[in-house]
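Step one of this worksheet: look at the structure below.
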Amino acid sequence: MIYAREKAGLTQLELAERCGVSQQLVSKIESGVRNATPRVLNKFAAALNCPVVVLEAKREAAETGAL
């Protein structure tokens with residue numbers, strides 16, 4: 001998700017504000033401390049103008065250390 005957010009030119013705070021969540025939640029999701037709910041994941045995808053599957057693929061790769 002970090003890649004998609006940075007490619008969109010957004011800070012964590014800007015993404016959080018667009019999605020109606022806290023910057024702390026965005027940070028925790030990006031660092032792998034928390035998982036995004038399907039609802040929040042859909043909000044991220046809309047704000048980042050990318051398919052949900054892209055965010056899921058990046059998350060799965062990060063979790064397995066494949067990045």
Side-chain angles (χ1 to χ4, degrees):
M1 188 172 86
I2 296 169
Y3 173 79
R5 177 180 57 77
E6 289 176 346
K7 187 170 181 183
L10 297 175
T11 64
Q12 287 182 346
L13 181 59
E14 290 167 333
L15 178 60
E17 289 173 347
R18 288 183 183 200
C19 296
V21 299
S22 70
Q23 182 272 329
Q24 290 82 5
L25 179 61
V26 173
S27 176
K28 287 178 180 181
I29 292 169
E30 285 188 348
S31 67
V33 173
R34 293 200 47 192
N35 288 324
T37 63
R39 185 175 136 258
V40 170
L41 200 57
N42 284 324
K43 286 183 176 187
F44 287 159
L48 297 171
N49 195 29
C50 71
V52 172
V53 69
V54 170
L55 300 178
E56 290 174 336
K58 294 287 183 185
R59 184 182 68 204
E60 289 169 6
E63 289 172 356
T64 62
L67 286 178

*What pairs with Gln23 under side chain to side chain donor-acceptor pair (under 3.5 Å), at least two apart in sequence or on another chain?*
Gln12
_Closest heavy-atom pair and its distance - Ala4, Leu55_ = CB-CD2, 3.9 Å
_If the condition is side-chain contact (heavy atoms from CB on, under 4.5 Å), which residues does Lys7 pass it with, not counting sequence neighbours?_
Tyr3
*Is Phe44 close to Val26 at the side-chain level, that is, under 4.5 Å between some pair of heavy atoms?*
yes
*Out of curiosity, Ser27 OG to Leu15 CG, how far, rounded to the nearest 0.5 Å?*
11.5 Å
*Enter the distance from Met1:CE to Cys50:SG here, rounded to the nearest 0.5 Å.*
9.5 Å
*Could I get the full list of side-chain contact (heavy atoms from CB on, under 4.5 Å) partners for Ala8, not counting sequence neighbours?*
Leu10, Leu48
*Charged N to carboxylate O under 4.0 angstrom, Glu30 versus Arg5?*
yes
_Under a 3.5 Å distance rule, please check whether Glu14 uses its side chain to pair with a backbone N or O of Thr11 as donor and acceptor._
yes
*Atom CD in Gln24, atom NZ in Lys28: separation rounded to 0.5 Å?*
7.5 Å
*Mind checking side-chain contact (heavy atoms from CB on, under 4.5 Å) for Leu25 and listing every partner two or more places apart, or none if nothing turns up?*
Val21, Ser22, Ile29, Arg34
